[in-house]
Amino acid sequence: MNSHIQVKNLNVFYGKSQALKNINLEIPRNQITVIMGPSGCGKTTLLKSFNRFIELDEMTRISGQVKVDEQDIYARDIDVTEVRKTIGLLSQRPYPLPMSIYENVAHGLRMHRMKKGKNEFDQAVQHYLQVAGLWDEVKDRLHEPATSLSIGQQQRLCLARGLAIEPEIILGDEPTSALDPISSQHIEKILMSLKKDYTIVVVTHILRQAKRLADYVIFMYLGEVVEAGTAQQIFEDPQMERTKGYLSGQF
Amino acid sequence: MYHNSTNNQQHTESQSEGRFSRPSIPSRINHERRARKVFFFITLTPIILLVGIIIALVIRTWPILEKYPLKELLLGTVWKPQKGLFGFFPFISGTLWVTLVGIIIAVPPCIFTAIYLSEYARQITRTIAKPLLDLLAAIPSVVYGVWGLVAIVPLIGNHISPFLGKYLGFIPLFSSENPTGYSILAGGIVLAVMIAPFIISIIFEVLSTVPKGVREANLALGATRWQTVHAVVLPKVIPGIGAGIVLGATRALGETMAVLMVAGNVVQVPVSIFDAAYPLPALIANNYGEMMSIPLYDAALMGAALLLLIVILLFNIISNLILKGILKRSWG
Amino acid sequence: MGLKKHWQRRHVVEAIFKYVMLISFVLVLACLGYILWTVFSKGLPSLTWAMISQTPKGGYYLGKEGGILNAILGSLYLAMGGTLLAVLIGLPIALYLQTYLRKSHWGKFIRISLDILWGIPSIVYGAFGFSVMLAVGMRSSLLGGIIVLALLELPIMVRAMDEVLQQMPKDLEHAALAIGATKLEVALKIVVRQMMSGIISAILLAFGRGIGDAASVLFTAGYTDRVPTSLTNPAASLPLAIFFQLSTPFPEVQQRAYASALVLTIIVLAVSLGSRWLSVRLSKYSIK
Ligand SMILES: Nc1ncnc2c1ncn2[C@@H]1O[C@H](COP(=O)(O)OP(=O)(O)OP(=O)(O)O)[C@@H](O)[C@H]1O
Ligand SMILES: [Mg+2]
């Protein structure tokens, strides 16, 4: 397997309680990996340790390695902002930045000095809004505040904003859980179309969504990885009792 | 009301003896109704007090307002109560000078400290900083005055004023003709420290209205912390910070003892930060002893208090309304 | 792939701002340290037992025998009386705000007027008190000072209590209401007991503000070298003692002003620390 992220002996503690126990994983490149598991099993924690968001909470301790293309992102000489630029995050709820729709997309480009001149910005904004399937809906109101959009549109804007800074990996923490069914479907479609260019890791509670999206599945329980494998393996022939139980809806 | 509350307790005690044979429910409800009325009237105290203060000061100021046109009082520069000359302008400008200098000195470090505490500091730092800032706020103004007198006035008189006067003296703002150190700058520095804990805690509170999610959204794009503060936190809280600063200014405007002790109290319209100033509160405090012995003097001093009150009320109401709006507004 | 750190402009900006902020923070704390150091280093050498155990004897303000017991006791009387009066008015207001006016327009109105009262400087309270006392023919006295201090402390105390009472666990209150207690019984018995620590903190906060205030008592309490024996006597106070002693041209007397400032500072520090200690201690006994 051509893996993009490798996790080695990862342990995460919130204060004294351990949220992740000795995780070892490989996440395949240019596929959609779905992380599943009952509430509180550590899915969000695992995702946050991929973009070093775990460090935002000062109570956390972390040991082990998370490697992206063979580089340990927790090593001393690593720039955390570069890590987060390379690994984008789509959060559970959309949080548009307090600026216009246009600026939301252009903001990251400006921060990272990736574009010059109005033309380049205009093009990039248009391109990524198109990728996120939002362009036609907002092209006449680009300079309105982003908060004027519906929640579903906001989530797509957040996706466009994240894509604009050209990440290699996209993390999604239940990215459709706050959305209506149509918007959810929309996001799912976009994610499917993105996987040829990006490595995507998505947490979801919804089994049917997982089945629709997943190429690779990680099943977690109480801070441990119970089982990981291709979608076919996990959904059709799970090895562990817990996985079977979860898939048959026992939790 | 004391009477009421004791009765009430007896009631609840009898209740625990026999829960089902409780006396009469109607009487308890009547009781409640009566007590509620008493409480209601007590609750009107703040409003009565506020209105009372305004009315009392207006009544006491009235004689001088009848005698002189307002413009003459506010813009007149001669203050000779014995001769019936009441020009408030030196005191008004003294108040404004001292307040402005205090605010200018206080604001940058206060904003940075608040941002530091809210965005950068660890929890433990915050836990330690809070009681220390409370302590700074609790120090009585007379003690600030002592500090100003012992530490700040000589520092200005011996070092800052000669130094700046030498190199920047050609600018009127820094010309130093007053060698004593009792000056606007001394008042400003003392005021700056006095209002700092106040401004810091307001700005801190305003900053904490910005949801974590918005910050994280920007950090997730690979922003540094400062980029996040600059791009997504500050734009949302500028009005709140403004209101906090104005509230700080109202504290400074009315501060009496500390300023009185270090600002020099010379009746003049100052032009340099090294000039002495005579702010309105100092005027009132210094002269209340003689005010009954000269005609209209008492009305003039009460007028000074009224003027102070009006300006402070105005600023206060506006910034309080702004802050209320911000601290309550829920985010999308 | 370039995850390694290479210093870009934004990293430099980040570092600069971080240090500017840290320096600002340290500067603010340093001011606190400097003030305390000034007061202690100036005040300690001239703080004697006689200073705090005697009233001023003849010629005290020229540098002769005596102490500031009049001001210490005067200040304690004034602040205690003022605080007591403020509690009698303030606690019902805070309870009423929480019980009946939690979200109403009236509540909002009262709270805003309290905030505005809080912003009114003490010199204005003093001038107001003076006007009223003049109108009713009352002379500068302990009672006058107590009333004005009570009014001055009222907004601080009520707002602090109001904030504390908002933390009251709602289910406890609902449980009490459910077993048939009236709202007022709940307010008096359960809320006050549960929130005792916070209420005491609020009271001490107001006390600290009252004891340090000079401008309001200047007008209303007067000043005297005797310890007041009745409410109609004038009363000295520490802030004014400091101020008057500093205004004399005699270094010995000025030294005593520093000692007096130290006494006042110690009282205020003790109140501030005491309230913190109490609230930590008492909060152990309430249900969380
Ligand atoms: N900031 C935190 N401080 C302390 N404990 C935390 C923190 N965040 C999470 N935890 C704990 O760590 C464990 C894993 O939490 P996590 O949020 O990763 O679970 P999750 O699988 O994402 O759950 P959900 O499906 O509900 O989102 C939980 O037991 C949770 O209580
Ligand atoms: Mg989660």
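Labels below follow one simple rule: chain letters A, B, ... track the order of the sequence lines, proteins then strands, and each chain is numbered from 1. Values reported hereafter were calculated over all heavy atoms of this structure, with side chains retained and with hydrogens, waters and symmetry mates removed.
Applying the ring-ring contact (aromatic ring centres under 6.0 Å, His included) criterion to B:Phe315, with sequence neighbours excluded, gives no partner residue. Here B:Glu205 pairs with nothing under the salt bridge (charged side-chain N to carboxylate O under 4.0 Å, His left out) rule; sequence neighbours left out.
In this structure, the portion of C:Leu240 lying under 4.5 Å from any heavy atom of chain B is its side chain and not its backbone. Looking at C:Ser131, both its backbone and its side chain come within 4.5 Å of chain B, counting heavy atoms on both sides. Using a 4.5 Å cut-off between heavy atoms, C:Leu246 contacts chain B through its side chain alone, with no backbone atom that close. In this structure, the portions of C:Arg10 lying under 4.5 Å from any heavy atom of chain B include both its backbone and its side chain.
Distance alone, capped at 3.5 Å, places no donor-acceptor pair between the C:Glu14 side chain and the B:Thr224 backbone.
Residues C:Ile35 and B:Tyr144 are in side-chain contact: their nearest non-hydrogen atoms beyond the backbone lie under 4.5 Å apart. Looking at B:Val146 and C:Lys42, their side chains never come closer than 4.5 Å, going by heavy atoms from C-beta outward.
Options C:Thr38, C:Ile89, C:Ile123 differ in how many heavy-atom pairs under 4.5 Å they form with chain B, and the most are formed by C:Ile123.
When every heavy atom of C:Ser24 is checked against every heavy atom of B:Pro109, the shortest pair comes out as CB-O, 3.5 Å.
The aromatic rings of B:Phe112 and C:Phe17 lie tilted to each other, with the angle between the two planes from 30° to 60°. Classified by interplanar angle (parallel below 30°, tilted 30° to 60°, perpendicular above 60°), the ring pair B:Phe40/C:Trp106 is perpendicular.
Applying the 6.0 Å contact sphere to NE2 of C:His11 captures more than 12 heavy atoms from other residues, nucleotides or ligands.
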